[in-house]
Amino acid sequence: MHILKIFVLILLLNIPSLARDVWNTYSSPFPIRSATTYKNGVILATDGGIRFKGLVFDDVFTAKDGLETSSFYSIMSTDSDVVAISEYGLIAKMKLDFSGWKILNRSYVENGDKAVPDGWARKGDILVIAFEKRLAFFNMRDSLSVLTIDRISNISLSVFPPEKIEIHGDSLYVALNGKAYVRVLNWSELTKDKHLIDPEAWTEAPASNMVLDPTIPPVVNGTELKNSDLYHDGKSIVKWILPVSGDEVYLASSENLWLYTKGKLKEVSEMKDYKLGEVYEITKVPDGGVLAASVDGPFAFSAGVDWSANFTVWDLPISNKDEAYGNRLKTLSVLPNHYVFYHLWGQGFFITRELGTWRHYYHSPGMGSCMDTIVNNYITTAATTVAPDSSGFLSTTASKKGYSLVYFSPEGDISCAKQMGEYSSGGPMQARIDEDGNWIVYVGSRVNGNAYASGGVDMYKCTPPSRNGGRLACELIKRMKTSDNKTPVDMVLDEKHEMLWFVTTAKIGYLDYDQDSLESPHSIKGLQSPEITSLDLDVRGNLWIGTTSQGAYRLSRTGNSFDSLTAARYTTKNGMLEDDVADLAIDPVYGIAWFAHANGITSYKRNDLRGNSSFMTDSAKADVKAYPNPFRVFQHVYVTIDNIDENATVSIFNRGGSLVRFFRNEQLLGGKAEWDGKGADGKYVAPGVYQYVVKSSKKKKKGKIIVIH
């Protein structure tokens, strides 16, 4: 598995975008709900996927690997298989080649009943699953549910859920309501047991027959480990002891994983390729990639392959935590020169250099600036944005007299347009330059900082500081109410169509540059009334929205009007880590949609998300090229001809000058043509040298491709 992932990573690094649609996830695999050993490693069922950890490999399986979800409550293994049970009872089996998972059963998921963590027992082909309201018997050989029961003795399982189940011999033990109940079963003929659903067929057993304490003493090979990390208030926090070999033993609590080897204990909880954990905000970087901010404080950068080391702008354990979600903070902004602006709730603003590598300036309430404080020395805002001329950053500061607009230069200069807002708090922001060189600034107004507060959209005209002696001067143009009288939680500018789009937690709306009121689309086909968290726009003019429970939607115009939209939905069944999307960002440089979740991040790469307006122009940063070259037909999926104008045509000729393949229009989405090495007859071309010719209205580019069998 580890070797396979390394091979895939090498392909991604050297042959970008071979596939049109590629899902990837980066997760924090905690808390641990269940654990087992398998093939010289341990497998952990967690809220962030199924982690397979050994000395030389460390991988996490999530929805993109065929699991259809990423929150798993039970894991079990035999010499021949590994079976997992999700939070709501989806049953999956690992493929023999470790390449992914096969779903055995989805029927339990429809009930919406949560499984009991680590609540399983297995006898031959029969799997017993404890849910919070029932006990289910499942035949793994036939992938069928045998039956479920909702009472044991005189106890309703919906009132007293099963706490634990065990099998000893032919007897099934169930612990509930502080007692243990037992029943002898004919496991090979379970379907013929007519009394299985009879609650009176169970008898009470001594509670001592079952160990209900969720923790165990950390004893390894007869030695009790005394390491303080394994204890809290003098009591062990270890829930699983997992011997892999004589010298290697893993110990796990809900939030930690340790390896004990050669007499030494080492914590191995952290995933090497992703350390951010819970993410609430993600924003695009102008020249490609994204920056993500975690609830616990750190943020990190990715261009689509892996993540940088975490950056921390504060030396103390202070973070946005609950305020990040309650206020739907959108306070991370990035300039083209990689200066980053960031707000820490109640504490102030940070400016960092090199995408967070170095702290540059810190602006706190007590530094004598013009910034407002909502209470003494406590400064808040829900959003920041880049100044439209990229000279600095814009934000608001909350005040009981109305929020103020604030401009921050990269070198730490601050200018305020005081108490401009009708309400105390400012929400999401966007800014553009009008035909006279003024800044048009849009602010989501809020009665208070909460994302569910009443509010609307305020529109200002501001004189840029560069034209006003370094001072920001603004005047109100208009105040507008949203259709549901709720504050926006996110905004985005569609400069091509001269529109501002915004979302409240329940509605989608827009403002034409030359209109005086906010409008909403009349029809959005396929949208299922979600709670909305976030918004962004792709290079095709499609809107993307994140939701709290329905994944993400892409909204496309049905015709030429923005009043009629059609929604395409993306969830864990497509490959998303979770259906709860805290924030999203569409990166047009690499053509990737990014989604932030409580347990990590999802990336979704597709050609039509990539911008190509500058390809084959005098300002193009990259010339037309073909890769991999040589192209090996039985090793590579495609040879990609990249950095081309979408309005161009691509022709491929053999050495004799005959046309082999021709690409145009939809085949050039994202500025690339992907040739599978086959001719028009569907057969691989002969090995040799082929010429490609790319023609646009202004330019013509040629190159050669070597094809090897």
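As the structure is a computational prediction, the values presented were derived from the model and not from experiment.
The aromatic rings of Y604 and W23 lie parallel to each other, with less than 30° between the two planes, well short of the 60° mark. W594 and Y26 have parallel rings, their planes meeting at less than 30° on a 0 to 90° scale where 60° marks the start of perpendicular.
Using a cut-off of 4.0 Å between Lys/Arg side-chain N and Asp/Glu carboxylate O, D81 and R122 are scored as salt-bridged. Between D193 and R183, at least one side-chain nitrogen of the basic residue sits less than 4.0 Å from a carboxylate oxygen of the acidic one, meeting the salt-bridge criterion. A salt bridge links D58 with R51: the closest approach of a Lys/Arg side-chain nitrogen to an acidic carboxylate oxygen falls below 4.0 angstrom. Contact check on D21 versus K605 returns no salt bridge, with no Lys/Arg side-chain nitrogen under 4.0 Å from an Asp/Glu carboxylate oxygen. Salt bridge status for R33 with D118: absent, with no side-chain N to carboxylate O gap under 4.0 Å. For K114 and E132, the salt-bridge test fails: no basic side-chain N is under 4.0 Å from an acidic carboxylate O. Comment: D97 does not engage K95 in a salt bridge, judged by the lack of any side-chain N to carboxylate O separation of less than 4.0 angstrom.
Proximity of a side-chain donor or acceptor of R106 to a complementary backbone N or O of V109 within less than 3.5 Å is not detected. Side-chain N or O atoms of T547 include one that pairs as donor or acceptor with a backbone N or O of G551 at under 3.5 Å. Counting only distance, with no hydrogens or angles, the side chain of S70 and the backbone of L577 share a donor-acceptor pair below 3.5 Å. Although no hydrogens or angles enter the test, the distance criterion places no donor-acceptor pair under 3.5 Å between the side chain of S153 and the main chain of I155. At least one donor-acceptor pair under 3.5 Å links the side chain of T533 to the backbone N or O of V581. No donor-acceptor pair closer than 3.5 Å links the side chain of R141 to the backbone N or O of S143. In terms of modelled atom types and a separation under 3.5 Å, the side chain of N177 and the main chain of K179 share no donor-acceptor contact. Not a single donor-acceptor pair under 3.5 Å links the side chain of D587 to the backbone N or O of I592. In this structure, N139 contributes its side chain and I126 its backbone to no donor-acceptor pair below 3.5 Å. Listed for the W187 side chain is a donor-acceptor partner under 3.5 Å among the backbone atoms of D170.
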Which pairs would a plain distance check flag for residues 216-233, meaning a side-chain donor or acceptor within less than 3.5 Å of a matching protein atom at least two apart in sequence or in another chain?
unit_1 : atom_1 : unit_2 : atom_2 : d
E224   : OE2    : Y231   : OH     : 3.4
Y231   : OH     : L225   : O      : 2.7

Identify all side-chain donor-acceptor contacts of residues 293-303 below 3.5 Å with residues at least two apart in sequence or on another chain.
unit_1 : atom_1 : unit_2 : atom_2 : d
S294   : OG     : G297   : N      : 3.4
S294   : OG     : P298   : O      : 2.7
D296   : OD1    : K321   : NZ     : 2.8
S302   : OG     : G304   : N      : 3.1
S302   : OG     : D306   : O      : 2.7

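Here the two rings, on Y553 and Y570, have centers that are 6.0 Å apart or farther. In summary, the aromatic rings of Y260 and Y250 are positioned with their centroids too far apart to meet the 6.0 Å limit.
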Fill in: Pair S549-E531, side-chain contact (heavy atoms from CB on, under 4.5 Å): steps then yes or no
CA-CA 8 Å; S549 61; E531 180 179 329; over 6 Å; no

Fill in: Intermediate values then yes/no, ring-ring contact (aromatic ring centres under 6.0 Å, His included), Y73 and Y88
CA-CA 9 Å; Y73 276 22; Y88 290 98; 7.9 Å; no

Worksheet item: Taking it one step at a time, do T62 and S27 satisfy side-chain hydrogen bond (donor to acceptor under 3.5 Å, both in side chains)?
Response: CA-CA 8 Å; T62 62; S27 72; over 6 Å; no

Discussion item. Let's go through F52 and F57 carefully: what are the C-alpha distance in whole Å and the side-chain angles of both, what is the deciding distance for ring-ring contact (aromatic ring centres under 6.0 Å, His included) to 0.1 Å, and is it a yes or a no?
Written reply: CA-CA 8 Å; F52 190 11; F57 54 87; 4.8 Å; yes

Worksheet item: Would L90 and I85 satisfy side-chain contact (heavy atoms from CB on, under 4.5 Å), going step by step from the backbone distance to the final call?
Response: CA-CA 6 Å; L90 180 142; I85 302 169; over 6 Å; no

Practice prompt. Could you give me the CA-CA distance, side-chain angles and deciding distance for T69 and E87, then say whether side-chain contact (heavy atoms from CB on, under 4.5 Å) is met?
Written response: CA-CA 9 Å; T69 183; E87 178 181 10; 6.0 Å; no

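Between L67 and F72 the shortest heavy-atom distance is CD2-CZ, 3.6 Å. In terms of heavy-atom proximity, P162 sits nearest to V174 at CB-CG1, 4.2 Å.
At a cut-off of 3.5 Å, with distance as the only test, a side-chain donor of N320 or Y280 sits close to an acceptor on the other residue.
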